[in-house]
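Just below is one structure, and these are the notes that go with it.
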Amino acid sequence: MQETGLSAADIAEISGVAVTLVRRLLRPPGERPTGIHRATADAILGIPLTSVFRRDRHLPELVDADKAASSLQNLAERGWPTSFLAAELDTSAHTLAAIRSRERRRLTLDLDRKIQRLAALLFTSQPADHGIAAHRSRRARTAALQRAPLVRPRGPDMARQPEPVS
């Protein structure tokens, strides 16, 4: 990809992966990380070469992660633990946390569809119906509600208001 003129920042923007990680992966062979997470590899390798040559910024293989992030946050607020969701989606809890916290701006279309299907299924049931202990569900719900103000998207009309001083 670099040979076609894409910089590390271009690759990062297209794939949704942090630019620092892309730069680490572009180091000479002896200085590269020894391993790479599957979801990261999928995001970078999901950039088709035809798009690289055209410098296409809107790839059909990668989609915006906002809807998936909202679905994951809503599931957590209903008490669904990230580890359970990760097992159901065949991905890591770390990947889901990055999507939910909006650190990852883009994700594969396949993972997005899996998240949406699972969310639709789980919204109609309770964590206990799937064997999740009540204390795990409470912990997931509490953590989600604490981070909710941090992960909700903020547009110009949704800017954070100053907290009243008591």
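In this structure, Ala68 and Ile115 approach most closely via the heavy-atom pair CB-CD1, 3.9 Å. Closest non-hydrogen pair, Arg106 versus Asp64, comes out as NH1-N, 4.2 Å. Heavy-atom minimum distance, Ser83 versus Arg136: OG-NH2, 2.8 Å. The two atoms that bring Gly79 and Pro127 nearest to each other are O-CG, 3.6 Å, heavy atoms only.
Interatomic distance, CZ of Arg147 versus CD of Glu77, reported as 8.0 Å (0.5 Å rounding). Distance check: Arg24 CZ to Thr20 OG1 gives 5.0 Å after rounding to the nearest 0.5 Å.
Ile132 and Leu145 are not part of a single hydrophobic cluster, where members link through side-chain heavy atoms under 4.5 Å apart. No path of Ile, Leu, Val, Met, Phe, Trp and Tyr side chains, each step under 4.5 Å between heavy atoms, connects Leu26 with Val19, placing them in separate hydrophobic clusters.
One N or O on the side chain of Thr124 and one on the backbone of Leu121 form a donor-acceptor pair closer than 3.5 Å. Not one N or O on the side chain of Thr95 forms a donor-acceptor pair closer than 3.5 Å with the backbone of Thr91. A side-chain donor-acceptor contact under 3.5 Å links Gln73 to the backbone of Ala144.
For Ala86, the side-chain contact (heavy atoms from CB on, under 4.5 Å) partners are Ala93, Leu96, not counting sequence neighbours.
Using a 4.5 Å heavy-atom threshold, the side chains of Trp80 and His130 count as touching. Side-chain contact between Asp66 and Arg102 is present, with heavy atoms from C-beta onward closer than 4.5 Å. Between Gln116 and Asp112 there is a side-chain heavy-atom pair separated by less than 4.5 Å. Looking at Leu122 and Leu85, their side chains come closer than 4.5 Å, going by heavy atoms from C-beta outward.
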Run the side chain to side chain donor-acceptor pair (under 3.5 Å) check on Ser71 and Arg100 step by step: do they pass? CA-CA 8 Å; Ser71 294; Arg100 183 187 58 226; over 6 Å; no

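Under the 3.5 Å distance criterion, with hydrogens and angles disregarded, no donor-acceptor pair is assigned to the side chains of Arg113 and Thr108.
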